Amino acid sequence: MRQTVIIKGNNYGLSVFLDPEVPMDKLLEDITAKFRDSAKFFRGAKMAVTFEGRTLTPEETNQIVNTICENSEIDISCVIDTDKAREAFFRRTLEEEAEEEGDGKPVGSGQFYKGTLRSGQVLEAEGNIVILGDVNPGARIVAKGNIIVLGTLRGTAIAGLGGKKHAIVVALEMEPIQIRIGDVTARTGGRHVSEGGAQIAYLDFGKIYIEPLCKEVIDEVSFR
């Protein structure tokens with residue numbers, strides 16, 4: 001019998017292979033059956049999950065995560081992206097060596113924050129920052145380096161504080177009230193600017209652009 005969903009363990013959690021040819025409705029049914037049958041092996045487990053075999057939109061990813069959680073006792077801490085170009089880009093962005101600003105102070109490397117930022121909360125970072133969660137309207141992220149949101153950005157993101165023009169803002173879903181990079185500000189009023197998939201905001205010739213995080217854009221931003 002053809003297996004449309006295959007679960008494998010790895011060093012950080014689970015790798016779930018998803019048949020690329022099966023309609024989404026049928027795939028969700030198969031995921032339900034697979035994780036119900038395997039529930040006793042994962043009872044109370046908290047782990048990261050990687051999806052392989054097919055390209056998923058953020059909406060499809062959310063559907064699958066919810067289906068897994070509803071049919072098992074797994075606590076999914078995060079979903080790890082397997083796109084090699086994006087993975088390499090994130091790694092380079094976060095692991096860059098400390099740089100010197102004009103005042104001689106180091107920007108620093110990456111730090112992580114897990115959780116949802118709610119209205120009124122402000123998160124500040126001396127260097128790059130990754131948020132494992134959503135940034136709600138009324139919340140602000142302020143960083144001297146880059147900002148990566150592994151969730152939905154609906155609040156305000158200020159990257160490159162102090163005039164770092166090559167800073168970037170990345171989100172899996174981009175719906176910000178405001179983005180500022182260096183000394184340039186763009187206001188979207190919370191308008192949905194994502195077309196599905198991760199988006200990147202970057203500064204070019206004094207203007208902030210928001211585009212899909214694809215290989216072409218990664219190459220362009222990487223060599224600026």
Side-chain angles (χ1 to χ4, degrees), residues 1-95 110 112-116 130-135 148-154 170-175 192-200 211-219 221-222:
M1 181 178 178
R2 180 178 176 180
Q3 295 288 316
T4 62
V5 179
I6 300 174
I7 305 172
K8 294 182 179 180
N10 52 44
N11 292 334
Y12 50 79
L14 290 180
S15 178
V16 183
F17 174 82
L18 305 172
D19 193 304
E21 299 178 1
V22 175
M24 193 63 188
D25 289 346
K26 177 63 167 62
L27 188 65
L28 291 174
E29 291 178 4
D30 293 346
I31 291 171
T32 296
K34 177 68 74 172
F35 277 88
R36 279 182 179 172
D37 292 343
S38 307
K40 64 181 179 181
F41 298 108
F42 306 117
R43 186 170 292 119
K46 184 173 184 178
M47 58 184 67
V49 174
T50 297
F51 297 123
E52 301 178 1
R54 67 191 284 160
T55 301
L56 300 170
T57 66
E59 292 76 12
E60 289 173 337
T61 300
N62 287 337
Q63 283 183 298
I64 292 171
V65 168
N66 289 336
T67 299
I68 292 173
C69 292
E70 289 168 1
N71 292 279
S72 68
E73 295 184 29
I74 297 175
D75 180 1
I76 296 178
S77 57
C78 66
V79 177
I80 297 177
D81 194 347
T82 57
D83 183 287
K84 298 302 181 184
R86 287 201 295 264
E87 181 183 0
F89 179 71
F90 286 155
R91 185 184 301 114
R92 182 186 63 79
T93 299
L94 294 174
E95 295 179 353
F112 293 82
Y113 175 89
K114 182 180 177 182
T116 296
V130 176
I131 293 89
L132 300 173
D134 297 331
V135 180
I148 295 177
V149 180
L150 299 180
T152 302
L153 172 58
R154 295 190 178 95
V170 174
L172 296 187
E173 290 193 65
M174 190 81 80
E175 304 174 19
H192 189 83
V193 295
S194 296
E195 296 298 329
Q199 302 272 309
I200 180 172
E211 298 184 21
L213 188 63
C214 60
K215 185 179 185 302
E216 291 74 20
V217 175
I218 287 173
D219 290 342
V221 173
S222 296

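The structure displayed is predicted, hence computed values, not measured ones. Sequence positions, counted from 1, serve as the residue numbers for this chain.
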Check: So T67 and F35, side-chain contact (heavy atoms from CB on, under 4.5 Å) or not? Walk me through it.
Finding: CA-CA 9 Å; T67 299; F35 277 88; over 6 Å; no
Margin query: Among residues at least two apart in sequence or on other chains, which ones pass salt bridge (charged side-chain N to carboxylate O under 4.0 Å, His left out) with E21?
Written below: R2
Next item on the list: Working to the nearest 0.5 Å, report the span between CZ of F17 and OG1 of T4.
Entry: 9.0 Å
Check: Where do K34 and V5 come nearest, in terms of heavy atoms and distance?
Finding: CE-O, 3.0 Å
Next item on the list: Mind listing the closest non-hydrogen atom pair of L153 and A171 along with its distance?
Entry: CB-CB, 3.8 Å
Next item on the list: Decide side-chain contact (heavy atoms from CB on, under 4.5 Å) for I64 and V49; before the verdict, give the C-alpha distance in whole Å, the side-chain angles of both, and the deciding distance to 0.1 Å.
Entry: CA-CA 11 Å; I64 292 171; V49 174; over 6 Å; no
Margin query: I need the N62 CG to L56 CG distance, nearest 0.5 Å.
Written below: 10.5 Å
Next item on the list: Could you tell me the separation between the CG atom of L18 and the CD1 atom of I31, rounded to the nearest 0.5 Å?
Entry: 5.0 Å
Margin query: Between E175 and T152, is there a side-chain donor-acceptor contact under 3.5 Å, judged purely by atom types and distance?
Written below: no
Next item on the list: Verify side-chain contact (heavy atoms from CB on, under 4.5 Å) between D19 and D30, making sure each step is shown before the conclusion.
Entry: CA-CA 10 Å; D19 193 304; D30 293 346; over 6 Å; no
Notebook entry, point to check: Hey, are the side chains of V65 and F51 touching, using non-hydrogen atoms and a 4.5 Å cut-off?
Noted result: yes
Notebook entry, point to check: Does a side-chain heavy-atom distance below 4.5 Å link P212 with Q199?
Noted result: yes
Check: From M24 CE over to E60 CD, what is the distance, rounded to the nearest 0.5 angstrom?
Finding: 4.5 Å
Next item on the list: Considering non-hydrogen atoms only, spot the tightest contact between P20 and R54 and give its length.
Entry: CA-CB, 3.8 Å
Checklist line | Between CG on residue N71 and OG on residue S38, distance to nearest 0.5 Å | finding: 11.0 Å
